[in-house]
K.L.:
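Below is a structure I'd like to ask you about.
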Amino acid sequence: MTRQSMSRQLSLWRQLFSHQVYNRGLHLFGGLLNRSTSMPYLKRIWLGICCLVLLAMTILTCRPPADEVSKKARLQVVLMGNQPPKTVYFWEDSLHRQLSFELYYYDQNQAFTAPPAPPQFLVNGQVIAGNTFTFPEPGQYTISARVKNRVSEDQLVLTVSRAADYLRQVLLKAPVLLLNADSISQLPLSYELIPKQGKSLDPADYPAPQLVADDQPQPTAAYFATRQVGPHRLYSSFLGVPSNGILVTARPAISYPLIRLPVIMHVPRAMANQVDPAALLAEVNQIYRRALLSSTPNQADAYIEFYPAPQDPAGQPLAVAGLHPLSVTNPDSATQAQRIVGNLLHQWCPRQYLNVVIGIDWYRRYPAEYSYATIPTLLPKGSPPPSCADLTMADWSKTELPAVYISPLGLPKVGSNLAHELGHFLGLGHTFSPTCTGIGQFADVPLHLEAYADANGLKYNCQRAAFVSDYVMDYYITPRRSFTQDQVGMMRTVLERGSYVPTSLATSRQSSKRDARWIPATGTIID
């Protein structure tokens, strides 16, 4: 017995024994006696008692019919999986042609509970079997539900149309329009579905489009790969709706003469046992020589290697190759730190050593965990680089110090940081841009803002094309693995014309102080 029926019976009991019901019962009983004078007296009394008993039994057993649900209950039909109702579905799309429904049932106290009987679902007023329906054709469909005598308060009205009638545009996007022509590089592609209402749909909710390259269907729409050098025209088709076309160019790999740069790491003596130059540079070389598998479609070998300098400026072998322990620690002021590093550069000529300073922060403009490096000036073609004699006379207090600084707080991942700062030292900026209004530094690097990757590990260029970043010169990524062809081209240019790069490919000659035409640095890039 339900709480509602019990309450109704108790109410009827009270009415039965109320003064009004009592009087009515006596009146009925008296009428029977008066109108049945021909009936023996005892039989009339017995008949009256039977009528009263029947009346009481009727009242006691009065309750809702078996198929009745309280009007205080509330029924709400929803799409399966707790999804909000969607107004439009593509008919050709098998994923969205079939929908499942649920019924939310609330009792008279508005509490969510199981319905008292299995619900029935109705589509356009017709009961369907179960809770799943496959739309047979385009049109408008109204879905409701009922439990016994109660019909759901809400209805789902779905307009089912063909994709061609609903979509305004299918956009094909690529983060860049260049890729390597080889067997491993993959240019990621993304799609945007724009209906006539204007709000973009999530492509993940729909089947993958069909990608076509040079009029040939491709096995996947997620990326484009080719070994054929040259331009390739791509477009896609989604349920018969064509996308825009894009022109991408596949390029051959470029090789360069191998350059090896000697590195010296100046480290306060207390930290010296935490630094292994050979191991760190081996990690850096893997990145610069394209030894690590990358998702970058334009990853390139820089043909640059770094090695621990074996000797000091006097020609004496170092106790640990590439390591110069310092008797000083980080001083209190930037001026003192700059003087210490300036003296090091006068002794360890930037034309003979690539100087990396750990823990002596001469810039003092950024948080303690930041590292930085100086971007060199490019000499005019044919101009001689400065000699070590020129550099010995340089007043470093008036210019940027040509060195790399590594924060000691970054020592646990110093290999990644060092690869990044060496990229700055060889002329590279960050891959991201402060705004989307300009042109990217390199055509083979997606123009994107400084940003973290999303939950799927994706970043987005300024046209919202998705890509996975493992660029050495990007932020907020782990690990850093790749340089692109254009980035390598910049580093090679700096190696040829840089003002203070060791073993420069530029014509080497000793210059006098009178004809030295060079500026040691153009600025400092922070990490």
Side-chain angles (χ1 to χ4, degrees), residues 76-102 121-124 128 131-144 152 154-177 187-213 217-218 220-224 233-248 436 446-449 451 454-456 458-467:
Q76 181 182 359
V77 61
V78 296
L79 289 178
M80 200 74 162
N82 229 357
Q83 300 177 12
K86 297 181 180 179
T87 57
V88 178
Y89 291 84
F90 296 155
W91 182 55
E92 296 97 333
D93 176 6
S94 60
L95 176 65
H96 295 88
R97 281 185 63 190
Q98 186 177 81
L99 288 182
S100 298
F101 313 103
E102 286 182 328
F121 291 94
L122 297 86
V123 178
N124 291 344
I128 64 173
N131 66 335
T132 300
F133 181 72
T134 300
F135 301 110
E137 60 184 358
Q140 183 167 296
Y141 295 83
T142 300
I143 295 91
S144 59
S152 60
D154 70 325
Q155 295 179 333
L156 300 183
V157 179
L158 305 178
T159 300
V160 183
S161 63
R162 293 183 174 89
D165 298 330
Y166 179 59
L167 284 178
R168 177 168 61 86
Q169 195 174 16
V170 177
L171 291 180
L172 169 62
K173 300 179 181 180
V176 292
L177 298 178
L187 178 65
L189 301 173
S190 56
Y191 302 85
E192 185 176 359
L193 308 178
I194 304 177
K196 293 179 180 178
Q197 288 87 338
K199 185 178 180 181
S200 296
L201 303 172
D202 186 354
D205 291 340
Y206 299 91
Q210 172 64 63
L211 177 65
V212 178
Q218 301 297 298
T220 177
Y223 61 84
F224 174 65
R233 184 167 296 279
L234 311 182
Y235 75 92
S236 63
S237 175
F238 175 75
L239 297 177
V241 179
S243 76
N244 60 304
I246 60 175
L247 187 66
V248 302
C436 283
L447 176 62
H448 66 286
L449 302 178
D454 66 12
N456 297 315
L458 298 175
K459 291 193 175 188
Y460 298 86
N461 74 354
C462 289
Q463 288 73 45
R464 295 296 298 170
F467 66 97

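Predicted model only: the values in this text are computed from it and were never measured.
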K.L.:
Determine the interplanar angle of the Phe135 and Tyr141 rings, folded into 0 to 90°, and report it as parallel if under 30°, tilted if 30 to 60°, perpendicular if over 60°.
P.N.:
tilted

K.L.:
By side-chain hydrogen bond (donor to acceptor under 3.5 Å, both in side chains), which residues pair with Gln218, not counting sequence neighbours?
P.N.:
none

K.L.:
Test your reading of the model: is there a side-chain donor-acceptor pair from Asn461 to the backbone of His448, 3.5 Å cut-off?
P.N.:
no

K.L.:
Keeping the roles fixed (side chain from Asp454, backbone from Asn456), state whether a donor-acceptor pair exists under 3.5 Å.
P.N.:
yes

K.L.:
Less than 6.0 angstrom separating the ring centers of Phe90 and Tyr206, yes or no?
P.N.:
yes

K.L.:
What I want to check is whether the side chains of Ser200 and Glu192 have a donor and an acceptor closer together than 3.5 Å.
P.N.:
yes

K.L.:
Within a 6.0 Å radius of atom CZ on Arg168, are there more than 12 heavy atoms belonging to other residues, nucleotides or ligands?
P.N.:
yes

K.L.:
To the nearest 0.5 Å, tell me how far Gln210 CD sits from Leu239 CG.
P.N.:
11.5 Å

K.L.:
Using modelled atom types and a 3.5 Å cut-off, is there a donor and acceptor pairing between side-chain atoms of Asn131 and backbone atoms of Ser100?
P.N.:
no

K.L.:
Rounded to the nearest 0.5 Å, what separates atom CZ in Arg97 from atom OG1 in Thr134?
P.N.:
7.0 Å

K.L.:
At what distance, to the nearest 0.5 angstrom, does OG of Ser236 lie from OH of Tyr191?
P.N.:
5.0 Å

K.L.:
Tell me whether Lys173 contacts the main-chain N or O of Gln463 through its side chain, where contact means a donor paired with an acceptor under 3.5 Å.
P.N.:
yes

K.L.:
What is the distance from atom CZ of Phe238 to atom CG of Asp93, rounded to the nearest 0.5 Å?
P.N.:
6.0 Å

K.L.:
Rounded to the nearest 0.5 Å, how far does CD1 of Ile128 lie from CD1 of Ile143?
P.N.:
8.0 Å

